[in-house]
Number of protein chains: 2
Amino acid sequence: MTNSPTPNELREVLASDTPSAKTKRDLIESALYHFGHEGYAGTSTRSIAQTAKANIASIAYHFDGKAGLKRACINFIAMSIGDVMSVVLNRKLSDIEHLSPEDARTKILEMIDRMITFTQTNKRAELVIGFMLKEVLHSPEEVDTLYHLIFEPLMDRVTVLFSRATGQPVASDELKLAIFAMIGQLLYIRLARPLVLKRMGWQAVGPDELAQIKSILHRSINALLDDLSKGSNHA
Amino acid sequence: MTNSPTPNELREVLASDTPSAKTKRDLIESALYHFGHEGYAGTSTRSIAQTAKANIASIAYHFDGKAGLKRACINFIAMSIGDVMSVVLNRKLSDIEHLSPEDARTKILEMIDRMITFTQTNKRAELVIGFMLKEVLHSPEEVDTLYHLIFEPLMDRVTVLFSRATGQPVASDELKLAIFAMIGQLLYIRLARPLVLKRMGWQAVGPDELAQIKSILHRSINALLDDLSKGSNHA
DNA sequence: GATTTTCAATCAAACGATTGATTGAAAAAA
DNA sequence: TTTTTTCAATCAATCGTTTGATTGAAAATC
């Protein structure tokens, strides 16, 4: 298995307990750490191997080189995001197409809650966000992978939820852009954590700080939904 | 002048028309381009020199090495942002402390407009944002530079504006976080442009697309301000 | 059951290429 | 002339990759 496995293939491979599976897991974990912190170009294959307690040659052996390991990381991330978002993604489209505005809004806020908790508290979230922003967004090919694997199916469902909650048509450009605005708030407040900590006078983001963040984003997104609902007839 | 000049010193240096000033300008311009696209570690001094049509050694001569050129880039960025934000920054704090809620809101939306236009249309905005995300946010020392030079004075004034517009006290944590949420929307929608274009079916962000982006962010931020104004007495 | 063969996996060592930095002389500017 | 700036050449260090040898357990053969 020298080629990049799909997220689902990757899940099976990494779940097994063969020696090679452990090596792969360790290498991906290590690569994610270093790529996220020092960037792809700034990371040496030697440091990846050292952190993973593996031999340098194992990178070429298992992933066909540094670039292949990067692709595996992207698929691993796609897998992780898929897990976090399963609440939304596992529902069939037809399942959420007839929710009441109130239920749709509840689902949206539920999802927001999950995303904030994940981005703010998960150890890997920082690495994942850092890695994607630093490396993935600037490579058209990898943007494609990310878009079709995660982004589009997720956004399709969120768009339906937004449509149900606001009464706007699903194809509305306004709706689509509003969702970007929503996600932007979530990600930026995690991304700019060094600035947030300094500005707020916080030492770290603990339960209290998490609650404050959730509170304001809750309000902001509720206000946005209210505004989008104006002048539209709820079914 | 081998050490990193402050933004103001930098402005004078770069404005002069001596040969060395031109070389410095070219090197910073080139470095910004490469750092923004390939990251600091991913950029070789040779490619910087080649793009700038300068000799490799001139980097060491003028900036004391690659790291010094990076510092100069940060200061150059601070200078640029300072220019864009001058509408807000150049006002004394005492000058905006007594604005009416309506005037304050107008000022906020004016500022938003400027920021969106800059981030979405300025050639250098992509490089600046990419550079800061990739390199600056992960270096405590450079976060400090950025924070004290640009972020804090800017945020102080925006916070006062928000306070005047909503009736909330300036020291309010909610207000501070709300501003992060606002900025997050602006930056993310530029940052994730590859995803935005794909999602919206756009070829590029021209005048029409810019207007759409402004419209939705306008609505979102207005809604946020409305919500923050609830239950507070406007002076 | 005992022996041999096969093969995925790991290892230390070395490869050529490229990195940032440095040098001292030539060129340009003052 | 004196100082500043540019240049090609060179440096040690590090880069990602490749190599050939070695391991240990499964598969095949006897």
Side-chain angles (χ1 to χ4, degrees), chain A residues 1-5 9-10 12-35 37-73 134-135 139, chain B residues 1-5 9 12-14 16-35 37-73 134-135 139:
Chain A
M1 181 76 63
T2 55
N3 273 345
S4 340
E9 290 170 3
L10 193 66
E12 290 181 21
V13 171
L14 297 185
S16 68
D17 63 347
T18 62
S20 75
K22 173 166 167 47
T23 302
K24 287 180 187 174
R25 268 197 307 273
D26 291 346
L27 282 175
I28 290 178
E29 184 88 27
S30 168
L32 216 45
Y33 176 86
H34 285 287
F35 290 162
H37 276 97
E38 298 121 34
Y40 177 76
T43 300
S44 71
T45 52
R46 285 170 176 81
S47 63
I48 295 175
Q50 189 178 15
T51 302
K53 288 171 187 165
N55 192 273
I56 316 174
S58 58
I59 295 173
Y61 181 78
H62 287 290
F63 299 100
D64 219 19
K66 191 185 181 184
L69 180 52
K70 178 184 177 180
R71 285 192 298 271
C73 284
K134 286 182 180 178
E135 312 302 335
S139 159
Chain B
M1 182 75 63
T2 57
N3 273 345
S4 342
E9 289 170 5
E12 290 181 22
V13 170
L14 296 186
S16 68
D17 63 347
T18 63
S20 75
K22 171 166 170 46
T23 302
K24 286 179 187 174
R25 266 197 308 271
D26 292 345
L27 283 175
I28 290 179
E29 185 88 26
S30 169
L32 216 46
Y33 176 85
H34 285 286
F35 289 162
H37 277 95
E38 300 121 33
Y40 177 77
T43 300
S44 70
T45 51
R46 283 172 176 80
S47 63
I48 295 175
Q50 189 177 17
T51 302
K53 290 171 185 165
N55 192 271
I56 317 173
S58 57
I59 295 173
Y61 179 78
H62 287 289
F63 299 100
D64 218 18
K66 190 184 180 184
L69 180 52
K70 178 183 178 181
R71 285 192 297 272
C73 283
K134 285 182 177 177
E135 312 303 333
S139 160

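Since this is a predicted model, take the numbers as computed values, not measurements. A note on names: the letters A, B, ... follow the listed sequences, proteins ahead of strands, and every chain is numbered from 1.
Taking atom OH of B/Tyr61 as the reference point, atom C1' of C/dA29 lies 11 Å away to the nearest angstrom. Distance CG (B/Asp26) to P (D/dT6): 10 Å, rounded to an integer number of Å. Atom-to-atom, CZ of B/Phe63 to P of D/dT6 comes out at 11 Å; the value is rounded to the nearest Å. Here C/dA9 presents its P atom at 13 Å from CZ of A/Arg25, a figure rounded to the nearest Å. Following rounding to the nearest Å, B/Lys24 (NZ) and D/dT6 (P) show an atom-to-atom distance of 10 Å. C/dA29 atom P lies 13 Å from atom NZ of B/Lys22, rounded to whole Å.
A side-chain donor-acceptor contact under 3.5 Å links B/Lys66 to the backbone of B/Thr43. Judged by distance alone, with hydrogens and angles left aside, the side-chain atoms of A/Lys70 form no donor-acceptor pair with the main-chain N or O of A/Phe35 at under 3.5 Å. Side-chain atoms of A/His62 never come within 3.5 Å of backbone atoms of A/Ser58 as a donor-acceptor pair (strictly under, hydrogens ignored).
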(message) Walk me through whether A/Arg71 and A/Phe63 qualify under side-chain contact (heavy atoms from CB on, under 4.5 Å).
(response) CA-CA 9 Å; A/Arg71 285 192 298 271; A/Phe63 299 100; over 6 Å; no
(request) Go through B/Asn55 and B/Tyr61 one step at a time and tell me if the side-chain contact (heavy atoms from CB on, under 4.5 Å) criterion holds. (result) CA-CA 10 Å; B/Asn55 192 271; B/Tyr61 179 78; over 6 Å; no
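Paired with B/Leu27 under the rule side-chain contact (heavy atoms from CB on, under 4.5 Å), one option of B/Thr51, B/Leu32, B/Thr45, B/Ile59 passes, and it is B/Ile59.
For A/His62 and C/dT10, the shortest distance from a side-chain N or O to OP1 or OP2 is below 4.0 Å.
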(message) Base contacts versus sugar-phosphate-only contacts with protein, heavy atoms under 4.0 Å: please encode nucleotides 15-26 of chain D as B, S and - from 5' to 3'.
(response) BBBBB-------
